[in-house]
Structure formats: C-alpha cells, structure tokens
Amino acid sequence: MPPLSNVQQRDIDSVFHPYTPLHKLGETGTLVVDHGKGVFITDTQGNEYIEGMSGLWCAGLGFGDEELIDAATEQLRTLPYYHLFAARGTEPAIELAEKLKELAPVPISKVFFTSSGSEANDTQVKLAWYYNNAVGRPEKKKIISRQKAYHGVTIMAASLTGLGPNHKGFDLPVDGVLHAECPHYYRNGLDGESEAEFTARMATSLSELIEREGPETIAAMIAEPVMGAGGVIVPPKGYFAAIKPILDEHDIMLIDDEVINGFCRTGNWWGAQTHGMVPTTMSVAKQLTSAYAPLGAVMVPDDIYQAFVDYTSRLGTFGHGFTYGGHPLGCALGVKAIEIYEKRDILGHVRSLAPLFERRLTALAEHQLVGEARFSGLVGGLELVADKATKRAFDPASGVGAKVSSLIEKRGAILRPLGDTIALCPPMIIKEDELNALFDRLEGALDEAEGWVAKEGLRG
Ligand SMILES: Cc1ncc(COP(=O)(O)O)c(C=O)c1O
C-alpha cells in the first residue's frame with residue numbers, strides 16, 4: 001500500500017468511521033471524496049470514479065444537480081430551520097406530505113417526518129405498539145422481520161435487521177422481534193423445489209411462526225420489497241401475494257420499508273408495486289431527497305391515524321418526534337427531487353435502461369466466480385461463489401467480495417461488497433454509455449479476481 005496522504009491521515013486520526021473494519025484503517029487508509037458531478041465522484045488525489053452505488057443507494061439524481069442546489073439555497077434563505085412539534089408547520093413539509101399521499105400505492109392519510117430510515121422504522125414500531133394500546137390489545141406487540149433484512153441501526157431498527165454484524169457485540173436483537181426465513185430461492189430453495197413451491201413453503205413457514213408465537217402477540221411484519229443490504233435479494237414470484245392473507249387473517253400490519261426501493265428504483269414508483277406487495281404503512285428515506293439532505297418519513301392510513309387521535313385525547317399529547325424530523329431543507333429538497341423525477345421522466349429512464357442492466361448482469365452470471373445475478377429495475381447484485389455447480393460459498397475469511405470491490409475501485413468505479421454479493425445501484429440518471437463503462441470495469445475486476453482466487457487457492 002502507498003503511504004497515507006495527509007488528508008487520509010487526518011481522517012483516520014479524527015473520524016470514527018461507520019461500517020468499517022477499524023483495525024485495518026491504518027493499513028488501508030480511506031478514500032476521501034472531494035467532489036461529485038453527475039454519476040462521477042472525485043477523490044482528494046484527483047481519481048475519478050463512476051459511483052455505481054449512488055453513495056448508499058440514495059443519490060438517485062447523482063451529484064451536483066443545479067436544480068436541487070438552487071432549491072436548497074432558496075429554502076435556507078427563506079427558512080433554514082423550523083420544526084413540526086406542538087402544532088407548528090412549514091410549507092415544504094405540507095407540500096411534501098401532500099405529494100407523498102398522492103404518489104402512495106395505497107390510501108395514506110398522514111405523513112410523519114423523521115431524519116433517517118432508521119428513525120422511520122423505529123417510529124413504525126412505536127406506532128404499532130401505540131396503536132395496539134390504543135385499540136385495547138396491549139399484548140399484540142411483537143414484530144416479525146426476516147433473516148437478511150436491513151432496516152437500520154438504531155436499537156429497534158438494528159433488532160429488525162437480520163444480519164449478524166448488526167447484532168454481534170451490541171446485545172441485539174431486543175426481545176419481541178422475530179426473524180422469519182429469508183425468501184431467497186437461489187440460496188434457500190431445496191433441491192428440485194420449484195420457485196412456486198419455494199414461495200408456498202415460505203408462506204407456510206411464516207404461518208407456523210405466527211401460530212407458534214401466538215397471533216394475538218404479533219403487531220406487525222416489516223419487509224423491504226427487494227432486500228437491499230442483505231444482498232439484493234429479489235423475492236420469489238408471488239411471495240407477497242402469498243403472505244398477505246396470512247397477515248390479514250391475524251390482523252398483523254405489513255410495514256413496507258421502501259427506503260431503498262422507493263422513488264423509481266425498481267422500475268415503478270414503489271418496490272411494492274413491482275413485487276405485488278399491499279402494505280399497511282410505509283417507510284421512506286434516501287432517494288426521497290436524492291440524499292441532498294437527510295430526511296425520512298412514515299406514511300400511515302386513516303384508520304390507524306384516527307386511533308392515534310382517539311388515544312391522545314386520553315393521554316394528552318402524542319409524545320414522539322425528532323428535532324430535525326421534517327426539516328424544511330430536507331422537505332424542500334424532497335419536493336424538488338420528486339418534481340425532477342416527474343418532469344425528467346426518471347421512471348421512464350429507469351425502465352428504458354433496465355433491459356441493458358439485466359442483460360449485462362445476466363451475462364456476468366456466466367462468469368466462473370458468479371453464482372447468481374439478481375436485479376429489479378436499476379438495482380442488482382452478483383453473488384460470488386467458490387463452486388458454481390454446488391453454489392458453495394467462499395470462506396468468509398478469504399474476503400473475496402472485498403477484493404473484487406477493491407479491484408473495481410482500481411478501475412475507476414465504486415460498487416459495494418455485501419459479504420460476497422457485489423451490489424449495483426447506480427444513480428438513476430446514468431446514461432447508457434456510463435452504465436456500459438460501469439459493467440466493463442466490473443467485468444475486468446472479476447477477471448482479475450478469478451486469477452487471484454486461483455493463485456491463492458481459495459476454492460478450497
Ligand atoms: C431498507 C432500509 N431501511 C432502513 C435503512 C436505514 O436508513 P438510515 O441509514 O437512513 O438510517 C436502510 C439503510 O440502508 C435501508 O436500506
């Protein structure tokens with residue numbers, strides 16, 4: 001490794017980096033990003049990269065969008081901060097709530113603003129508890145999530161998350177969170193089991209979990225339509241249609257976590273529409289503002305909201321809210337981002353590029369290192385395997401995913417290793433030639449990694 005630059009040294013001397021192998025920082029250094037334009041970012045050394053992950057699945061309109069910058073500037077000049085507590089309001093929050101209601105795939109009555117996706121999902125759980133207390137079912141409180149789900153990192157959101165590193169060492173998950181099986185057909189399907197049979201088995205398994213725990217103790221199930229950070233896991237056909245009647249039968253709400261899926265990413269406004277999910281409530285964040293400011297939101301239907309109204313008439317006030325929830329800067333950017341999605345027809349653009357995205361990913365599924373290629377709209381993943389025929393995974397200690405990602409970086413692109421799945425989630429404004437360049441760099445990295453795997457004898 002070359003010696004660390006001055007800015008890298010200052011970075012590791014003072015910044016506590018999230019989601020980072022802290023013990024290796026001195027060796028690896030950090031990639032300090034200086035500026036961005038379109039789908040490109042440039043680091044402090046002057047190296048340019050195609051940002052194939054939209055940052056953290058969020059900068060859907062790319063970097064340096066002048067219209068968003070103008071909207072932010074104007075809002076900061078008009079009203080840089082105000083809150084929504086104690087019956088205060090701001091125009092941007094009103095406008096954004098109205099717009100979200102209009103776009104929602106199910107009837108929504110009210111929008112509760114947060115500053116992040118984790119806060120939105122934490123709020124969802126508190127609302128589910130509050131609701132069941134309000135309607136006189138104080139025992140109906142458990143929440144079902146799924147193995148490999150990702151719902152954030154606050155104590156409750158991390159508990160909902162079904163990934164080991166978010167639990168280990170943090171004394172999580174907390175009680176009252178159940179993790180159903182992960183509906184990943186490639187990984188969890190049985191020999192000879194069809195996709196339809198797998199879907200049916202997932203539904204039966206969920207039903208059994210509910211019966212075992214007692215349906216009267218379960219308030220809600222939370223699910224991402226396409227599971228993002230767990231490895232870009234696309235549900236098997238008919239999955240949400242199969243589980244919904246089971247949840248309905250037991251009066252269990254379905255919380256739709258659209259934090260990655262939402263705002264055109266999967267080829268519809270909502271992942272729920274792409275994957276046949278009919279939610280009770282929704283969580284949004286990330287592309288809500290194209291990540292130009294932090295903002296999240298929870299969207300609730302009228303019957304649930306009316307129960308809150310009724311309950312607070314007994315309790316006195318609704319005791320939940322965040323200082324920066326519904327920040328006017330975030331809301332103004334949310335309004336503008338949605339306006340841009342509509343007027344530049346970002347949905348049409350995603351749909352027009354999706355076949356190329358699929359084609360290039362599917363071609364890479366033939367690569368010796370790749371077990372499965374997964375995609376939905378403009379989000380995808382390549383699962384790397386030691387043995388294609390048996391689907392045997394690499395030993396996690398060999399760090400193949402991280403190696404591939406570093407080789408991609410060397411070629412001028414950023415993609416994210418989720419264990420041994422390489423995730424792709426490019427800004428939705430990406431052009432055809434830029435998308436092809438991203439795939440060319442990925443392909444080159446896979447070829448080089450193949451040689452490295454053979455040389456190191458990592459196939460076992
Ligand atoms: C599906 C999903 N939900 C929730 C979150 C948490 O959002 P945040 O990081 O804004 O707290 C994420 C973040 O990646 C996510 O992917």
Side-chain angles (χ1 to χ4, degrees), residues 17-20 51 53-60 112-127 143 145-163 165-167 170 172-173 177 179 182-183 220-235 240 254-266 270-272 274-275 277 279 281-299 322 324-327 330 333-334 337 374 376-381 415-419 421 423-425:
H17 283 272
Y19 276 105
T20 297
E51 221 312 349
M53 276 302 291
S54 305
L56 291 173
W57 331 75
C58 50
F112 185 92
F113 288 109
T114 67
S115 324
S116 69
S118 299
E119 285 180 0
N121 288 332
D122 248 59
T123 297
Q124 290 276 15
V125 173
K126 288 180 76 176
L127 294 184
I143 314 286
S145 181
R146 299 176 297 172
Q147 289 158 10
K148 297 225 167 182
Y150 189 84
H151 298 295
V153 294
T154 52
I155 288 175
M156 184 44 81
S159 295
L160 298 173
T161 290
L163 298 168
N166 297 101
H167 295 164
F170 292 112
L172 295 174
V177 175
H179 288 99
C182 173
M221 175 167 181
I222 184 165
E224 306 151 82
V226 175
M227 300 168 90
V232 191
I233 297 166
V234 180
F240 286 108
L254 180 55
I255 302 168
D256 173 13
D257 184 341
E258 292 275 352
V259 168
I260 286 179
N261 284 238
F263 305 99
C264 314
R265 175 57 65 187
T266 68
W270 309 105
T274 308
H275 296 285
M277 182 193 215
T281 65
M282 301 170 72
S283 291
V284 293
K286 294 194 190 266
Q287 295 197 140
L288 170 59
T289 61
S290 188
Y292 277 50
L295 188 71
V298 169
M299 298 155 67
F322 303 97
Y324 304 114
H327 195 290
L333 282 164
R374 306 188 272 272
S376 179
L378 279 189
V379 58
L415 293 175
R416 180 129 180 256
L418 307 165
T421 293
L424 295 91
C425 187

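Order of appearance sets the numbers: ligands from 1, and atoms from 1 within every ligand. This is a predicted model, so every value here is computed, not measured.
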Worksheet item: Donor-acceptor pair, His275 side chain versus Glu224 backbone, under 3.5 Å?
Response: no
Which protein N or O atoms sit under 3.5 Å from any N or O of ligand 1? Give atom names and distances.
from     : atom 1 : to     : atom 2 : distance (Å)
ligand 1 : 3 (N)  : Asp257 : OD1    : 3.3
ligand 1 : 3 (N)  : Asp257 : OD2    : 2.7
ligand 1 : 7 (O)  : Ser118 : N      : 3.4
ligand 1 : 10 (O) : Gly117 : N      : 2.9
ligand 1 : 11 (O) : Ser118 : N      : 2.8
ligand 1 : 11 (O) : Ser118 : OG     : 2.5
ligand 1 : 14 (O) : Lys286 : NZ     : 2.8

Discussion item. When you compare the side chains of Asn121 and Tyr150, does any donor N or O come within less than 3.5 Å of an acceptor on the partner?
Written reply: no
Practice prompt. Verify side-chain contact (heavy atoms from CB on, under 4.5 Å) between Ile143 and Leu160, making sure each step is shown before the conclusion.
Written response: CA-CA 8 Å; Ile143 314 286; Leu160 298 173; 3.7 Å; yes
Worksheet item: Would you call the rings of Phe322 and Phe112 parallel, tilted or perpendicular if under 30° counts as parallel and over 60° as perpendicular?
Response: perpendicular
Worksheet item: Does the side chain of Asp122 come under 3.5 Å of the side chain of Thr154 through a donor N or O and an acceptor N or O?
Response: yes
Worksheet item: Are a donor atom and an acceptor atom from the side chains of Thr421 and Arg374 found within less than 3.5 Å of each other?
Response: yes
